[in-house]
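This report concerns only the one structure given below.
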Amino acid sequence: MTERRYLVRTFGCQMNEHDSERIAGLLTADGYVPAAEASEADVVVFNTCAIRENADNRLYGNLGHLRPLKQANPRMRIVVAGCLAQKDGGLIQERAPWVDVVVGTHALPGLLDLLVSAEAEGPQMDVREYTEVFPSALPARREVAHHAWVSIAVGCDNACTFCIVPLVRGAQRSRPVGDVLAEVQGLARHGVVEVTLLGQNVNTFGRDLTVPGSARRPLFADLLRAVNDVEGLRRIRFTSPHPHDFTPDVIDAMAESEKVCEHIHFPLQSGSDRVLRAMQRSYRRQRYLDWLEAIRGVITDIAVSTDIIVGFPAETEEDFEDTLDVVRRARFDQAYTFQYSPRPGTRAATMDEQVPKEVVQERFERLVAVQEEISLERMRDQVGRTVEVLVEGTGRKGGVQGRTRMNRLVHLPGQIAPGTFVAATVVSAHPHHLVGEQVRVPVAVG
Ligand code: 5AD
Ligand code: SF4
């Protein structure tokens, strides 16, 4: 019998990349091997994202492309997983009846069984609302050997009015500290040198684990310290904290834990107090800026990235100017900028005064221009410095690429194995990457 092959295509956030590693792990455990392209795959999985509207269109476009391939290869099984599967459920097979399995975010552990049932009985769907099994507990097949995503909590207890995440991923459920540590220890033993701890709101990690009425402990800071003690690990990242629940003990834990990288992703969303209120984000612009100052006061050289939404319902020019103002003050290293996209089922989708598309586009371009300039200035500050780069793989322009502790992308000439730490001098800067030259001395560990 020829080998059975699979292809997983991931759309969306790091949580999805993490889940894709589990999907690949489950299929590998069942004897599948990776396929280079869809035409030679027996199982094609789309791991989808629901956060913005164009995700829907892209999914149906991609499914349309697969249809003739499936007609040519009737053995092919098509799986739609992830947030869009969770959200749309049966709608997907209604619109694309050639989809064999729809598997929601909570049903991932049952993927192989669903494939078997699809073989015998035809199209299957499982979009259950809850499961005891954390995706992190499933086998993983990772893209790179040196880095791993580690989920510490799934779901979100906030209710930002633009966001579909609480509707598809449910309430927050934290993973027991012991499970997280055991996973990280196992990963480190197998050569993983960098982990990224994942949660929708890492600050509230553990809130659902503590006994109601008992003294609440700042568990995320404790967790950072405990992960920092894992032998063999060299870098710890995490995403994302929420400005609303951020606490100073996290800054202290970051500063004291030498493996925790000097980078924080701190989602702003808007710089207008009026819009923040309408978004149901409970901090205000000044509070946000104060937090940044406090963080930079303790960790003086830290990179800050953020998420910003432009064109939230009823956003005025003045509100938008407020966002530009915070952006200029905050001096982010990087900003992920999004045009507001109404998600059915969220509060904001039914708010009056949706901002016209052209206005959103125009503001978006202005915001990107301001941020690009700041990003470039921040990158230029790096020229001439020597930085530690963890090589990730081949770069787009030949050579290799890797990341500094502050999460800056660096291109280096030559061939260096992924997972290698090198010291590099930064020779030039661009808004989204640096170009470096390897320094021929051993890198100090730390
Ligand atoms: N429209 C635009 N951007 C959104 N995000 C979340 N929901 C929406 C939406 N409806 C952005 C937020 C979030 C990031 C992951 O995606 O900025 O932090
Ligand atoms: Fe969505 Fe807000 Fe939860 Fe983030 S914190 S996942 S933006 S509801």
Side-chain angles (χ1 to χ4, degrees), residues 10-19 47-58 82-84 86-88 105 149 151 153-169 172 196 198-204 237-246 263-272 275-276 278-283 285 288 291 304-315 319-320 323 326-327 330 332 334-351 353-357 359-361 363-365 367-368 371 407:
T10 312
F11 304 88
C13 65
Q14 288 116 332
M15 203 69 83
N16 268 26
E17 292 191 31
H18 167 272
D19 286 356
N47 193 11
T48 61
C49 168
I51 208 141
R52 279 170 294 276
E53 197 175 8
N54 55 11
D56 291 36
N57 304 335
R58 268 169 74 193
C83 289
L84 213 54
Q86 186 72 37
K87 180 173 86 66
D88 282 359
T105 48
W149 308 106
S151 143
V154 293
C156 180
D157 290 339
N158 289 319
C160 302
T161 52
F162 53 82
C163 189
I164 192 103
V165 169
L167 300 179
V168 289
R169 296 253 176 189
Q172 173 177 286
T196 305
L198 290 177
Q200 297 295 344
N201 180 359
V202 294
N203 307 113
T204 52
R237 302 186 183 283
F238 61 90
T239 195
S240 300
H242 189 307
H244 159 56
D245 300 293
F246 202 69
H263 167 232
I264 189 162
H265 185 69
F266 209 51
L268 168 67
Q269 311 300 2
S270 170
S272 151
V275 174
L276 285 171
M279 287 177 163
Q280 220 162 283
R281 306 269 299 179
S282 59
Y283 55 92
R285 51 184 278 132
Y288 182 93
W291 270 130
V304 182
S305 56
T306 199
D307 291 341
I308 300 170
I309 297 177
V310 177
F312 186 81
E315 181 192 74
D319 293 322
F320 176 66
T323 296
V326 174
V327 166
F332 297 115
Q334 215 188 339
Y336 299 91
T337 44
F338 305 103
Q339 301 194 4
Y340 169 71
S341 161
R343 307 309 292 129
T346 60
R347 289 249 316 271
T350 55
M351 286 180 184
E353 291 186 65
Q354 301 283 329
V355 182
K357 176 90 188 92
V359 177
V360 180
Q361 182 67 31
R363 287 181 191 162
F364 180 77
E365 284 167 19
L367 172 63
V368 170
Q371 181 53 44
N407 207 32

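Indexing begins at 1, ligand by ligand and atom by atom, following the structure's order.
- Relative ring orientation between F162 and F312 is described as perpendicular, the plane-to-plane angle rising above 60° on a 0-90° scale split at 30° and 60°.
- Heavy atoms from both the backbone and the side chain of I51 come within less than 4.0 Å of ligand 1.
- Of the listed residues (T337, D307, T161), the one carrying the non-hydrogen atom nearest atom 13 (C) of ligand 1 is D307.
- Residue contacts with ligand 1 for F162 involve both N, CA, C or O and side-chain atoms from C-beta outward (heavy atoms, distance under 4.0 Å).
- Considering backbone and side-chain atoms together, Y340 places no N or O closer than 3.5 Å to any N or O of ligand 1.
- A donor-acceptor pair under 3.5 Å is formed between the side chain of N203 and the backbone N or O of H242.
- Between the side chain of S270 and the backbone N or O of V275, no donor-acceptor pair lies under 3.5 Å.
- By the 4.0 Å N-to-carboxylate-O rule, D307 lies too far from R52 to be salt-bridged with it.
- For atom 12 (C) of ligand 1, the nearest non-hydrogen atom from the set Q269, M15, M279, E53 comes from Q269.
- With sequence neighbours left out, E53 forms a side-chain hydrogen bond (donor to acceptor under 3.5 Å, both in side chains) with no residue at all.
- Atoms of ligand 1 lying under 4.0 Å from any heavy atom of R343, numbered from 1 in the order shown and given with element: 10 (N).
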